[in-house]
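Everything below concerns the one structure shown next.
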Amino acid sequence: MSDQQGISDSLSKKRARDRRAQHNLRKKREARIHTLEKRIADLESELESLQQNCYGLRCENETLKGRQSLIRRLVTSWTDPVPNTQVLPVAVSGTSLVSTLVKTPDAAEVPTDGSETMSQSPATQTAIGQAIEPAVRLQRTAMEDLVSPRWNITPFHLDSDLIWSDLCAVVVAKPDLVHNAPEDPRPLELLYGSKTNLLAHAICAATRKWRCRDPERLAAGWLTYHLMKWSSQPSERRFSLLPEFLRPVGEQLCNPHPYFVDYVVWPSLRINMIKTQHIYDPRDIMGMLSCCMKVRWPWNENVLEPGDDGEFGFKVSFRETFMKLEGWGMTKEFLDRFPLLAQDLDINSILYNFM
């Protein structure tokens, strides 16, 4: 009996040792797994930060290349040689303008007694005419570049845009799709597509991927349609169809930026997007915009109504709503996700609260 008891005690002790060993092994394994998971999370966070920095540097490089190209084109426009002559002011009676006269070695002295008449030889007059012409031509070219109607100035985009929406890619690749499209789309074409209006069909295909209601798809689609028509072939009439808040601001005309920025309805938000384009991933911004930008229109209320010709068109009240900036709102999720984009914005007027 004593031998059996000893064997039993020995087996119990062995089992206890095995259990402790297995327990310790499990603890070590769990600790190791926890350490590796933490290491992986740290590396993924570091990788995401490096990728974001890399993307920012690439965007900054593209911006600098765009500005360099703009400066090069500007400097190139000044390469007309200016004659080595002396420009003297001459007062003209009865006008506030100041004429310029170029003095050449063969020219007679310009009187300094305030008289308005000068005696010049034919050779002098010929030399003056030849010397003044390039200067006048250069000045006129510069003024023509600077003075241009607002409707004829389109936004300044990146030469190689790092982020393309499906819609922008189609439009840039097939400009005839925009040029040949009718001036005004039918609402049903924007909502369900069209076999005849290919631009409206492309907009419909793009907005179908948005996580939003039909009012947002229709309103954003209509604004996008007319903005694309104007930007592809600027005209005063097309520019007049754009609401004031959607017309390009100075930052869009001077700073290279991705195409999709132009389609954001708030001018201040577009400015912030251009300023912070090296910080946030445009894909994240586009994804959040598609579901967070809202038209202040009651739920379950129709936006279309039949006209006298039987064709469905916008309700007057709905069109008036999305054609004014106050008719648009942004949900809190977007503003929380991109705090730098919310700077200098009137949050109370923009914030959209679900009823």
What about the rings of His226 and Trp230, do their centers lie closer together than 6.0 Å?
no
If you take all heavy atoms of Thr331 and Leu351, which pair is closest and at what distance?
C-CD1, 4.2 Å
Applying ring-ring contact (aromatic ring centres under 6.0 Å, His included), can you list everything that pairs with His201, at least two apart in sequence or on another chain?
none
Is the closest side-chain heavy-atom distance between Glu46 and Leu43 below 4.5 Å?
yes
Do Pro306 and Glu311 touch side chain to side chain, with heavy atoms closer than 4.5 Å?
no
Within 6.0 angstrom of Gln233 CD, more than 12 heavy atoms from elsewhere
yes
Go through the steps to decide whether Leu345 and Leu269 satisfy the test side chain to side chain contact (heavy atoms under 4.5 Å, CB included), and finish with yes or no.
CA-CA 7 Å; Leu345 297 181; Leu269 185 56; 4.1 Å; yes
Arg319 side-chain N/O to Phe314 backbone N/O, donor-acceptor pair under 3.5 Å:
no
From Leu57 atom CG to His278 atom NE2, the distance as rounded to the nearest 0.5 Å:
9.5 Å
For Pro187 and Gly313, work out which heavy atoms get closest and say how close.
CG-CA, 3.9 Å
Test side chain to side chain contact (heavy atoms under 4.5 Å, CB included) applied to Cys212 and Arg217, step by step
CA-CA 7 Å; Cys212 63; Arg217 289 185 57 211; 3.6 Å; yes
Is there any salt bridge (charged side-chain N to carboxylate O under 4.0 Å, His left out) pair reaching into residues 337-346, and which pairs are they, with sequence neighbours excluded?
Asp284-Arg337
A quick test of your reading: do over 12 heavy atoms of other residues, nucleotides or ligands sit less than 6.0 Å from CG of Asp309?
yes
Donor-acceptor contact present, side-chain Thr276 to main-chain Asn272, <3.5 Å:
yes
What residues, two or more places apart in sequence or in another chain, satisfy ring-ring contact (aromatic ring centres under 6.0 Å, His included) together with Phe338?
Tyr280, Phe334
Using the rule that Ile, Leu, Val, Met, Phe, Trp and Tyr join whenever any side-chain heavy atoms are under 4.5 Å apart, tell me whether Trp210 and Val295 fall into a single cluster.
no
Is there a side-chain contact between Leu188 and Leu304, using heavy atoms and a 4.5 Å cut-off?
yes
Using atom types as modelled and distance alone, determine if a side-chain donor or acceptor of Ser45 lies under 3.5 Å from a backbone N or O of Ala41.
no
Answer yes when Arg237 and Glu183 have at least one side-chain N-carboxylate O distance shorter than 4.0 Å, and no when they do not.
yes
Flag, side chain of Arg296 to backbone of Glu326, donor-acceptor distance under 3.5 Å
yes
Side-chain contact, heavy-atom cut-off 4.5 Å: Arg270 with Val265?
no
Test side chain to side chain contact (heavy atoms under 4.5 Å, CB included) applied to Leu223 and Met323, step by step
CA-CA 9 Å; Leu223 295 177; Met323 284 296 288; 4.0 Å; yes
Checking side-chain contact (heavy atoms from CB on, under 4.5 Å) between Ser194 and each of Leu191, Leu198, Asn197, Leu190, which is the one that passes?
Asn197
May I ask you to check whether over 12 heavy atoms, not counting those of Lys315, lie within 6.0 Å of atom NZ?
yes
Side-chain heavy atoms under 4.5 angstrom apart, residues restricted to Ile, Leu, Val, Met, Phe, Trp, Tyr: same cluster for Leu246 and Leu241?
no
Under 6.0 Å from the CD atom of Glu48, do we count more than 12 heavy atoms belonging to anything else shown?
no
Any side-chain heavy-atom pair of Leu335 and Ile347 under 4.5 Å:
yes
Can you tell if the side chain of Phe260 reaches within under 4.5 Å of the side chain of Ile285, non-hydrogen atoms only?
yes
Is there a path of hydrophobic side-chain contacts, each under 4.5 Å between heavy atoms of I/L/V/M/F/W/Y residues, joining Ile153 to Ile271?
no
When you check the side-chain N and O atoms of Asp262 and Gln252, is any donor under 3.5 Å from an acceptor?
yes
Any idea which heavy atoms bring Val249 and Pro267 closest together, and the distance?
CG1-CB, 4.0 Å
Is His257 close to Gln277 at the side-chain level, that is, under 4.5 Å between some pair of heavy atoms?
yes
Would you please name every residue forming a ring-ring contact (aromatic ring centres under 6.0 Å, His included) with Trp297, sequence neighbours left out?
Phe318
At what distance, to the nearest 0.5 angstrom, does CD1 of Ile274 lie from CD of Glu251?
6.5 Å
Identify the two heavy atoms, one from Cys204 and one from Glu189, that lie closest to each other, and give their separation to 0.1 Å.
CB-O, 3.8 Å
To the nearest 0.5 Å, tell me how far Met330 CE sits from Leu341 CG.
9.0 Å
Look up atom CZ in Arg26 and atom CZ in Arg19, then write down how far apart they are to the nearest 0.5 Å.
10.5 Å
Any residue meeting salt bridge (Lys or Arg N to Asp or Glu O under 4.0 Å) with Arg213, in chain and number order, not counting sequence neighbours
Glu216
So if you build clusters from Ile, Leu, Val, Met, Phe, Trp, Tyr with side-chain heavy-atom gaps below 4.5 Å, do Ile203 and Leu242 land together?
yes
Calculate, to the nearest 0.5 Å, the distance between atoms CZ and OG1 belonging to Phe156 and Thr154 respectively.
10.0 Å
Minimal non-hydrogen separation, Ala181 against Leu199, with atom names
CB-CB, 3.7 Å
Is a donor on one side and an acceptor on the other found under 3.5 Å between the side chain of Ser235 and the backbone of Arg238?
yes
In the structure I gave you, are the side-chain heavy atoms of Val264 and Met273 within less than 4.5 Å of one another anywhere?
yes
If you compare all heavy atoms of Trp328 against all heavy atoms of Ala220, which two are closest, and at what distance to 0.1 Å?
CH2-N, 3.9 Å
Nearest 0.5 Å please: distance from the OG atom of Ser349 over to the CH2 atom of Trp266.
9.5 Å
Answer yes or no: is there a donor N or O on one side and an acceptor on the other, between the side chain of Arg150 and the main chain of Arg247, under 3.5 Å?
no
Arg32: partners by salt bridge (Lys or Arg N to Asp or Glu O under 4.0 Å), with sequence neighbours left out:
none
Can Arg39 and Asp42 be counted as an ion pair, charged N to O under 4.0 angstrom?
no
